[in-house]
Number of protein chains: 2
Amino acid sequence: MRPLLHPSIEDITVEGLLHALSDPVRVSMFVDIVAQACPQNCSNFLVVSDRAIPKSTLSQHFKILREAGLIRSERHGVEMQNVSRCTEVDERFPGLIRAILVAHGIQSKDEARAKKSAAKKSAKRAGGAGP
Amino acid sequence: MRPLLHPSIEDITVEGLLHALSDPVRVSMFVDIVAQACPQNCSNFLVVSDRAIPKSTLSQHFKILREAGLIRSERHGVEMQNVSRCTEVDERFPGLIRAILVAHGIQSKDEARAKKSAAKKSAKRAGGAGP
DNA sequence: TCAATAGTTCATGAATCCGGAACTAATGAA
DNA sequence: TTCATTAGTTCCGGATTCATGAACTATTGA
């Protein structure tokens, strides 16, 4: 098993970062890793936004986040611990990650609101019996 | 020929924006569109960063920028005029586009510096005869 | 040494990307 | 009107990338 690759800070590219974060599953994974104080292992993500994600797919997603320079993965015993590299990335591209996370937050809020209002409408149509 | 699609502001997604800007050719196209005061037509991009881009590929790139919500394309006579939708996007996701363009600027500067120093080194090796 | 757990790699079908050839739409000249 | 020109789009093939189940590797503990 070849060792995990972590790009050095000057090898991190904007394109790589944007590509890594242009996938909804990977953004939620990254948001969780950033939000949690403690390092996150893979199994914490077997379900992302109500969708089951196979282990092999997760592994690929972690690889892309890692090779984009967004996270650092270290083996601790039998499991992997993933922590964000926000601070480093922010040194090279100030404000970028923050802006993306804020935008993602705005969009999540909008989606939740849209979902709620759709559910309300559907409940109205069904005569009060919501999902 | 089906009409051009422009998403309404609330249909613009962070994923779409990031995906559109995660390609080096598309970023430079977008940077140019933002920088130029006058609308840009397709032919202005037949060469992007010293690389010839076929018309069909350009057309696809414009489509992706357009459907992500980054630009607005309007036919004026025989040619197309493309203008950025920065202001609108910034209303929905404040600071996002700006942060990406700034990061891209930092990276371009770094690349130019690296290229220059590589050329210098190569010139030294070749005994003063640069490329 | 064997079983269990956590994650990676491999193989393959699906989806996407690139670019040349053919097409369409607007304009202007004959 | 008809034809030529210009500007861009669409179509289709090959190349690349993506998703995922199956097989594999590494670590720990019994």
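In what follows, chains carry the letters A, B, and so on, assigned in the order in which the sequence lines appear, proteins first and then strands, with residues in each chain numbered from 1. Basis for what follows: all heavy atoms, side chains included, without hydrogens, waters or symmetry-related copies.
Spacing between atom NE2 of H76(B) and atom P of dA7(D) amounts to 16 Å, rounded to whole angstrom units. For the pair L4(B) CG and dG8(D) C1', the interatomic distance rounds to 10 Å; values are reported in whole Å. Rounded to whole Å, atom P of dA26(D) lies 12 Å from atom CE of M80(A). Rounded to whole Å, atom P of dG8(D) lies 11 Å from atom CZ of R66(B). Between K55(B) atom NZ and dA21(C) atom P the separation is 12 Å, expressed in whole Å. Rounded to a whole Å, the CD atom of E67(A) is 13 Å from the C1' atom of dT8(C). Atom CD of Q81(A) is separated from atom C1' of dA6(C) by 13 Å (rounded to the nearest Å). For the pair R75(A) CZ and dT8(C) P, the computed distance is 8 Å after rounding to whole Å.
Minimum atom distance to the side chain of V78(A) is reached by dT5(C), of the listed dG7(C), dT5(C), dG8(D).
Under the 3.5 Å distance criterion, the side-chain polar atoms of R92(B) are matched with a main-chain donor or acceptor of I9(B). In this structure, S59(B) contributes its side chain and K55(B) its backbone to no donor-acceptor pair below 3.5 Å. Put simply, the side chain of Q107(A) gets close to the backbone of V14(B): a donor and an acceptor are under 3.5 Å apart. Checked by atom type and distance alone, the side chain of D110(B) never pairs as donor or acceptor with a backbone atom of E10(A) at under 3.5 Å.
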Pair C86(A), V34(A) - check side-chain contact (heavy atoms from CB on, under 4.5 Å), show working.
CA-CA 8 Å; C86(A) 276; V34(A) 171; 3.9 Å; yes

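Not counting sequence neighbours, the partners of S73(A) by the side chain to side chain contact (heavy atoms under 4.5 Å, CB included) test are L4(A), H6(A), R66(A), I71(A), M80(A), N82(A).
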Would you tabulate the pairs of protein nitrogen or oxygen atoms and nucleotide nitrogen or oxygen atoms of nucleotides 16-20 of chain C closer than 3.5 angstrom?
from    : atom 1 : to     : atom 2 : distance (Å)
dC17(C) : OP1    : H19(B) : NE2    : 3.4
dG19(C) : OP2    : T57(B) : OG1    : 3.3
dG19(C) : N7     : S56(B) : OG     : 3.4
dG20(C) : N7     : S56(B) : OG     : 3.1
dG20(C) : O6     : S56(B) : OG     : 3.2

